[in-house]
Amino acid sequence: MYSRKDIWGIALPILVSLFVQNLINITDTAFMGRVGQVELGASALAGVLYLAFYMITFGFSTGAQILMARRNGEAKYRALGPIMIQGTLFLILFSGLLVGASLVWAPQLLELLISSPAVCQAGEEYMEYRIFGLLFTSIGVMFRAFFVAITRTRVLMVNAIIMTVANVVFNYIFVFGNLGAPEMGIAGAALGSVLAEASAALHFILYTLFRIDRAKYGLSRIRLEGAGLIREILNVSVWSMILYFLTIGSWFLFFVAVEHLGELPLAISNIIRSTSTLLFMPVNAFGATACTLVSNAMGAHRADDVMSIIRRLVKMCYAIVLPLIALLCIFPHWILLIYTNDSALIANCTASVYVMSSYYLLSLPGNILFQSVSGTGDTRTAFLIEMITIIFYTLAIYVIIVRQRVDISLCWTVEYVYWGVQLLLSALFFKMTNWKAKKI
């Protein structure tokens, strides 16, 4: 049974790395909040579109992480390297295809879905640079999967700090045209993020070369192998790849629906999205921890410990999130000042902060249980759970935002539908299926 100290040893570095990594989103939003409402709203829409592409690569790395964690639990350490190397090579090639597809079709998609010409043009400028970040994040997500699988997560903190500092510096240079660089506005924020991701990928590579026992993990040689290993990874990850893309795709629909309410509601939604990362980070960190601990426990033939691990993770995560919810609800003004000094915009955001904070009471157990479903190796069932959840979520967007055209604060109530359905279905999985017998 994993103790609280064991869990913190894995979860805390992930949490800190997520906090620092999400400072990229916070930094971009803060810079755009001081450029203009159009740029603030456009960075939300284009940013979520980029995130949909990114999550396809992240879904593949999740499948690789599950496999590597299972092999790590089985003490088959040399099997991790081939998974890591072949997965990285595959993702670099796949990301190149996604970059090409985005350059061709993303402008037409934005023009089709966005009603404001100004927001559409700004979104196209952002995506023109931002999409190239996939080439570097495809490397980063595989290294992250490897280090989480072997429960060596402290390196994630250092990597995230490097990426965030680089992002702040590059934003300062390119958004407002400092140190002799051209003033690029929203395109500068996109370019800064790409260069920050390249810096993070380089750090992972150098750390692995000089600090990891590459012979132990089978990382000594980079070579192409047969397609069998990629098929093995895809058998686990393909459902996660589709799942994550559809999840962020449905979130993109949320922002498209809000954009049709006006440029101000869209700008408010971007601020609230960025503010929500304060709560999302511990929820996501403990979810990632649940996935790897469940996978390791299954690999070590300790399936009976899984539910105890999940309960302990939920309690520990609540201990972090509940005080943060109280902080957000008591002092929303001070948090919102990070993104804008416009007092009217801050006042319009306050009600949305209260609605957004509350749905995390459902998302916390929902995410940990859902990630634990993937940790058992049954990613096909996880895909089914997510598909049902997305159907209900999309219906909620249509009824609440498109049809009723409610106030922006009430638009966030669709998240209650999403997390409530996911929590219910994930709990039923562990209650009603023979998940302990899953082999991968």
Side-chain angles (χ1 to χ4, degrees), residues 2-26 51 54-55 58-59 61-62 64-66 68-69 72 137 140-164 200 204 240 244 247-248 273-297 306 309-325 327-328 356-357 359-375 382 415 419 422-423 426:
Y2 294 99
S3 66
R4 287 183 174 84
K5 183 179 179 180
D6 295 329
I7 293 172
W8 271 117
I10 299 171
L12 185 58
I14 297 175
L15 174 58
V16 174
S17 71
L18 286 171
F19 173 75
V20 181
Q21 279 182 312
N22 275 281
L23 286 177
I24 288 184
N25 167 257
I26 294 171
L51 189 60
Y54 162 78
M55 291 306 289
F58 185 79
S61 74
T62 298
Q65 176 188 318
I66 293 169
M68 288 189 286
N72 192 65
T137 57
V141 293
M142 284 301 299
F143 275 104
R144 179 184 181 276
F146 171 74
F147 288 120
V148 171
I150 64 173
T151 68
R152 188 166 175 171
T153 52
R154 292 184 183 275
V155 63
L156 303 183
M157 292 191 293
V158 178
N159 185 265
I161 291 171
I162 290 172
M163 183 162 59
T164 302
F204 271 140
S240 295
Y244 284 128
T247 299
I248 302 302
R273 175 180 74 106
S274 189
T275 305
S276 73
T277 59
L278 182 63
L279 301 176
F280 178 73
M281 286 180 288
V283 171
N284 196 24
F286 277 87
T289 303
C291 183
T292 197
L293 290 185
V294 168
S295 187
N296 270 278
V306 166
I309 293 170
I310 293 172
R311 284 192 292 269
R312 179 162 290 181
L313 286 164
V314 169
K315 291 177 182 178
M316 293 174 67
C317 194
Y318 267 129
I320 298 174
V321 170
L322 289 178
L324 291 177
I325 290 176
L327 179 69
L328 272 177
M356 175 273 295
S357 300
Y359 72 69
Y360 275 93
L361 298 174
L362 288 175
S363 71
L364 187 156
N367 185 59
I368 289 176
L369 274 171
F370 179 71
Q371 293 294 335
S372 297
V373 173
S374 295
E415 298 294 331
W419 291 110
Q422 189 173 88
L423 173 60
S426 299

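Atoms considered below: every heavy atom in the structure, side chains included; atoms not considered: hydrogens, waters and symmetry mates.
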Next on the checklist: Asn367 vs Trp419, test: side chain to side chain contact (heavy atoms under 4.5 Å, CB included). Steps then yes/no.
Outcome noted: CA-CA 8 Å; Asn367 185 59; Trp419 291 110; 4.0 Å; yes
Checklist entry - If you measure from CG on Asn284 to CD on Gln371, what distance do you get to the nearest 0.5 Å? => result 7.0 Å
Item to check | Side-chain heavy atoms of Tyr360 within contact of Phe280, under 4.5 Å | outcome: yes
[X] side chain vs [Y] backbone, donor-acceptor pair below 3.5 Å:
{"X": "Ser426", "Y": "Gln422", "answer": "yes"}
{"X": "Ser61", "Y": "Phe58", "answer": "yes"}
{"X": "Tyr318", "Y": "Leu361", "answer": "yes"}

Item to check | From CA spacing to verdict: side chain to side chain contact (heavy atoms under 4.5 Å, CB included), Phe286, Ile320 | outcome: CA-CA 11 Å; Phe286 277 87; Ile320 298 174; 3.6 Å; yes
Which heavy atom in [X] sits nearest to a heavy atom in [Y], and how many Å separate them?
{"X": "Ala149", "Y": "Asn72", "result": "O-ND2, 3.4 Å"}
{"X": "Ile309", "Y": "Ala297", "result": "CD1-CB, 4.1 Å"}
{"X": "Ile66", "Y": "Ser374", "result": "CD1-O, 3.2 Å"}
{"X": "Met142", "Y": "Ala64", "result": "CE-CB, 3.8 Å"}
{"X": "Gln65", "Y": "Ala288", "result": "NE2-O, 4.2 Å"}
{"X": "Leu278", "Y": "Met281", "result": "CA-CE, 3.8 Å"}

Checklist entry - Among all residues two or more places apart in sequence or in another chain, which pass the side-chain contact (heavy atoms from CB on, under 4.5 Å) test with Ala290? => result Leu313, Ile368, Ser372
Item to check | Test side chain to side chain contact (heavy atoms under 4.5 Å, CB included) applied to Met356 and Leu328, step by step | outcome: CA-CA 10 Å; Met356 175 273 295; Leu328 272 177; 4.2 Å; yes
Next on the checklist: Restricting to side chain to side chain donor-acceptor pair (under 3.5 Å), what partner residues turn up for Ser276, sequence neighbours left out?
Outcome noted: none
Item to check | Given Leu322, Ile325, Leu364, the one that forms side chain to side chain contact (heavy atoms under 4.5 Å, CB included) with Leu279 | outcome: Ile325
Checklist entry - Can you check side chain to side chain contact (heavy atoms under 4.5 Å, CB included) on Leu156 and Val148, steps first, answer last? => result CA-CA 9 Å; Leu156 303 183; Val148 171; 3.8 Å; yes
